[in-house]
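In what follows, a structure is listed as structure tokens, so that the remarks can point back to it.
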Amino acid sequence: MNNAVNDGVWSGTWVAERLGLELVGDDQLDDLLGLALRRNPKRAHLLVSNVLGKHVPQTPSVVYGHGFDLGRRVRELLGDEEAARAVVLGYAETATGLGHCVADGVGLAPYLHSTRRPVAGVDQAGGFEESHSHATSHLLLPEDPALLRGDGPLVLVDDEFSTGNTVLNTIRDLHERYPRSRYVVVALVDMRSAADAGRLADFAAEIGARVDLVAAASGTVRLPEGVLEKGQALVARHESAAPAAPAPDGRVERVDLVWPRAVPDGGRHGFTPDHRARLESALPAMAVRLAEAIPGDARRVLVLGFEELMYAPLRLALELEQAVAAEVRYSTTTRSPVLAVDDPGYAIRSRLVFPAHDDPADGPGERYAYNVAGAGFDAVVAVVDSVADTSRLHAPGGLLAQLAAHAPHVLLAVVPSYVPEPPHVPERPAMLPEPLRGPAFSSYAPEEVGWLLQDLSDVTLEAPTEEREEAIQSGGAHYAESLPVEYQPSEHYQQLFHAALATSADRIAHAVGVVTETVLAERAQTRGRTRSGEADAARPVLVSLARAGTPVGVLMRRWAQFRYGLELPHYAVSIVRGRGIDANALRWLAAHHDPADVVFVDGWTGKGAITRELADAIEEFEESDGITGFDPEIAVLADPGSCVRTYGTREDYLIPSACLNSTVSGLISRTVLRADLVGPHDFHGAKFYRELAGADVSVDFLDTVAARFGEVVDAVDVAVKELLSADRTPTWEGWAAVERISEEYGIHDVNLVKPGVGETTRVLLRRVPWKILARAGAGADLDHVRLLAEQRGVPVEEVDELPYTCVGLIHPKFTRGATGADGRAVTV
């Protein structure tokens, strides 16, 4: 055999001619698939993928690219918000690696694959049967059973969608336990008949769920009468002619990969985006260790995975492809018994047979490596997990001996088998730390705010804006895992801030008064009290969402003090989009105050993402801790998106505290949530930028606004009276506008559309902006936006009938050097 991939001849010709099979469908089917004969009483033929990396050694980048591209198509189908709620499920053994690659393409979702290996101490969360397979039972063994309990989309990945029976069995089993409204089926090839396609549609209607299909190609196999009997006769005739294995002649050496701690070897028990990020950072060093062990004169190298262990060897092979001059191929061993025929028109040219070496639950048996013998490999890197590193692996006739008979150099790399720790409820510390206060933490006076955060000032967390954007949009990192480099305003920009503050102080003071009076009135009504004096006043506990909410919380506290002599408690806590509110901060608040007295405070609403995030987080906290009473309603200074009931105004105008970062927020950074810095019993983190004290205007901002309180009291009372009698039900018109803008500008991701003056300013200060939409005729409220846009080379486009004063568009699908939907290159 000259090559495992047959040059110039379709590798299904031999079977098609002898059994009268026809492969019909998309033009690329012949490139994707070959044919072989099964040693299986249930089905004669086997569709052999040329791009899966299972039976046919293939270039790693080709294997990975096909799975990753399917994942990107799934993400486009779902949208980022739904993709972040999804779970990707791959099928053992053949599609464990493919499913993992699809999960990489989705980027935001955790991954789990079924397994045929029971693991002691891990409870089964589900299972199903694969009727046509030689080994039918699939187990689902997630470390965290909640992985399958969510209501987000379930993405099911298999290499071949033939009849749909396996998918139906899976959905039926899981839907009974964990019902959800949407499923996505992903396959390299969809080979169903029209009748089979109809069965899936009928089943989806029966359970009331949407089922989508994503495939690289589609077609069908036309089978003549008696094909099973003909196939069995062919197998019997050619099986007896199998050649004897030669004696081992090559060397076998072990290579220590130094696999990263706490990173699973695959998705058997679940694999999260955080696991992926850790593996990505460790892969280059592991590939170097392999490259150093491969002889320098090797021309062809095979990285050979092991049954369900497909993804880790593939990623190693992908890195090795860049690290060595040799031609690198990738495939894995398998349980599947397939006839080998050394003919260019047949997909399985050679077969190595060896005993199982991982103590399988179904007892000892044969295992196989196809298209390795006779393929001319100078070195083979066998990658197994530690459970499979047994005496049978090293014995005469074992896998290593078989490989050494066909390659002069064999390297063994062992990945530690990940075994979940037994579930346990961690003990919480008896006491959480007291809040941080100024001047030790922040430039605010100690009585103004207590920060329920931990001080990370000594940790380097800042990263260049372009690097952060690329990592965030690729799914490689969450925005809360790093900090942007603090923007240092120019003298011109500082002048704009002070001018804006001077001209807007009255309306800011008015909005502060309105929102504070509304909160006090509603609390008094709820508690059956009046606001006539401190003794019988409703005394809310203000809890601002750091960082934008904190200056507003301080001003609300000052208004209550100015108007009624009330000393309201005020704390700042962290909330992170996609991760929820700091649960330890809620526990501290519940231990020191009545949760029913807590009022959450933020600066402004955009499209309302944080409003929804808080509601979901409070519900989750009640379920996990059994502590009730927190009201998820947020009180904000400005609600241009119509997302909340309690606000100072619904106009979209410049709030000067949005113009700057830490220098108008007590010199405190945006909050940080990273697993290696924030443990299960810690508050989220933040930095205190003491070194920026010379540029700090935090107290100036507060004092300037508070000085206007006396001038706006009468107007505030009139506005509050009108507001309390009005219908303040949120319309969520901001969210609808954002969805429309996302589609009109070809972004297709609402997270990249930031509406309102405040959010637009954040885009220009922290992210990679693409363009700014400004309402036609907007005046001085946008002077600072225009200046920042000019400094960053971002176009400002005037738009009629814009529901906000302005909208910031983050560069879609950013990579350094990327272009946006209009084909223009980003300027950074």
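Taking CG of Leu89 as the reference point, atom CG of Leu140 lies at 5.5 Å (rounded to 0.5 Å). Taking CG of Leu320 as the reference point, atom CG of Leu314 lies at 12.0 Å (rounded to 0.5 Å). Taken from OG1 in Thr94 to CD in Glu160, the straight-line distance is 9.0 Å, to the nearest 0.5 Å. To the nearest 0.5 Å, atoms CG (Asn371) and CZ (Arg349) are separated by 7.5 Å. Interatomic distance, Thr170 OG1 to Leu174 CG, rounded to the nearest 0.5 Å: 6.5 Å. The CD atom of Gln402 sits 12.5 Å away from the OG1 atom of Thr333 when rounded to the nearest 0.5 Å.
Asp69 has no carboxylate O lying under 4.0 Å from a charged side-chain N of Arg72, or vice versa, which leaves the two without a salt bridge. Using a 4.0 Å cut-off between charged nitrogen and carboxylate oxygen, Arg254 and Asp389 count as a salt-bridge pair. Between Asp151 and Arg180 no salt bridge is recorded (no basic side-chain N to carboxylate O distance below 4.0 Å). A salt bridge does not link Arg278 to Glu280: none of the charged nitrogens lies less than 4.0 Å from a carboxylate oxygen. Between Arg73 and Asp212 there is no salt bridge, since none of the side-chain N atoms of the basic residue sits less than 4.0 Å from a carboxylate O of the acidic one. Look at Asp358 and Arg392 and you find no salt bridge, because none of the NZ, NE, NH1 or NH2 atoms lies under 4.0 Å from a carboxylate O. Salt-bridge check for Glu93 with Lys54: passed, with a basic side-chain N closer than 4.0 Å to an acidic carboxylate O. At a threshold of 4.0 Å, the pair Arg300-Asp378 does not count as salt-bridged, since none of the basic side-chain nitrogens sits closer than that to a carboxylate oxygen. Looking at Glu307 and Arg335, a side-chain N of the basic residue comes within less than 4.0 Å of a carboxylate O on the acidic one, giving a salt bridge. For Arg116 and Glu308, the salt-bridge test fails: no basic side-chain N is under 4.0 Å from an acidic carboxylate O.
Remark: side-chain polar atoms of Arg289 are paired, donor with acceptor, to backbone N or O of Leu257 under 3.5 angstrom. One N or O on the side chain of Tyr346 and one on the backbone of Leu37 form a donor-acceptor pair closer than 3.5 Å. In this structure, the side chain of Asp676 does not engage the main chain of Val678 through any donor-acceptor pair within 3.5 Å. Side-chain atoms of Ser386 come within 3.5 Å of backbone atoms of Ser417 as a donor-acceptor pair (strictly under, hydrogens ignored). Asn50 places a side-chain N or O within donor-acceptor distance of the main-chain N or O of Asp31, the cut-off being under 3.5 Å.
Between Val56 and Ala347, the closest heavy-atom pair is CG2-O, 4.2 Å. The two residues Leu279 and Tyr311 have their closest heavy-atom pair at CD2-CE2, 3.8 Å. In this structure, Leu290 and Ala413 approach most closely via the heavy-atom pair CD2-CB, 4.4 Å. Here the closest heavy-atom approach between residue Gly398 and residue Pro355 is recorded as CA-CD, 4.2 Å. Taking all atoms of both residues into account, the shortest heavy-atom contact from Ile294 to Ala379 is CG2-CB, 4.4 Å. What you find for Ala86 and Val155 is that their closest heavy atoms are CB-CG2, 4.4 Å.
The closest side-chain heavy-atom distance from Pro57 to Phe377 is below 4.5 Å. By the 4.5 Å heavy-atom criterion applied to side chains, Val74 and Leu70 are not counted as neighbours. Pro60 is listed as a side-chain neighbour of Val328, based on a closest heavy-atom distance under 4.5 Å. Proximity of Phe161 to Val167: side-chain heavy atoms (C-beta onward) are separated by under 4.5 Å at one or more points. You'll find the side chain of Leu32 reaches within 4.5 Å of the side chain of His66, heavy atoms only. No side-chain heavy atom of Val415 sits less than 4.5 Å from a side-chain heavy atom of Val384. The shortest side-chain heavy-atom distance between Leu309 and Thr332 does not fall under the 4.5 Å cut-off. Contact of the Leu318 side chain with the Leu283 side chain is not registered, since no non-hydrogen atoms from C-beta on lie closer than 4.5 Å.
Aromatic pair Phe306/His357: centroids less than 6.0 angstrom apart.
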Report the C-alpha separation of Leu304 and Val381 in whole Å, then their side-chain angles, then the decisive distance to 0.1 Å, and conclude whether the side chain to side chain contact (heavy atoms under 4.5 Å, CB included) test is met. CA-CA 6 Å; Leu304 183 69; Val381 180; over 6 Å; no
Carefully, step by step, assess Val383 and Met310 under the rule side chain to side chain contact (heavy atoms under 4.5 Å, CB included). CA-CA 9 Å; Val383 183; Met310 295 187 69; over 6 Å; no
Just do the side-chain hydrogen bond (donor to acceptor under 3.5 Å, both in side chains) check on His394 and Ser391 with the steps written out, would you? CA-CA 5 Å; His394 299 266; Ser391 58; over 6 Å; no
Derivation of the side chain to side chain contact (heavy atoms under 4.5 Å, CB included) call for Trp14 and Ile348: CA-CA 11 Å; Trp14 194 93; Ile348 304 297; over 6 Å; no
Assess whether salt bridge (Lys or Arg N to Asp or Glu O under 4.0 Å) is satisfied between Arg276 and Asp104, documenting all intermediate values. CA-CA 8 Å; Arg276 182 187 307 118; Asp104 284 0; 2.5 Å; yes
From CA spacing to verdict: side-chain hydrogen bond (donor to acceptor under 3.5 Å, both in side chains), Arg329, Thr59: CA-CA 5 Å; Arg329 292 288 183 270; Thr59 305; 2.9 Å; yes
Derivation of the side chain to side chain contact (heavy atoms under 4.5 Å, CB included) call for Val380 and Val301: CA-CA 6 Å; Val380 176; Val301 176; over 6 Å; no
For Thr115 and Arg268: C-alpha separation, side-chain torsions, deciding distance, then whether side-chain hydrogen bond (donor to acceptor under 3.5 Å, both in side chains) applies. CA-CA 6 Å; Thr115 181; Arg268 182 179 287 111; 3.1 Å; yes
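Stacking of Arg149 on the aromatic ring of Tyr178 is not recorded, the 6.0 Å distance cut-off and the 45° axial limit not both being met. In this structure, Arg315 forms a cation-pi arrangement with Tyr64, its terminal cationic atom sitting closer than 6.0 Å to the ring centre and no more than 45° off the ring axis.
Note on ring orientation: taking the six-membered ring where Trp is involved, the planes of His269 and Tyr418 are tilted (angle from 30° to 60°). Ring geometry for Tyr111 against His100 counts as tilted: the plane angle lies between 30° and 60°, on a 0 to 90° scale. Note on ring orientation: taking the six-membered ring where Trp is involved, the planes of His175 and Tyr183 are tilted (angle from 30° to 60°).
No side-chain N or O of Gln58 forms a donor-acceptor pair with one of Ser331 less than 3.5 Å apart.
Other residues, nucleotides and ligands contribute at most 12 non-hydrogen atoms within 6.0 Å of the CG atom of Asp249.
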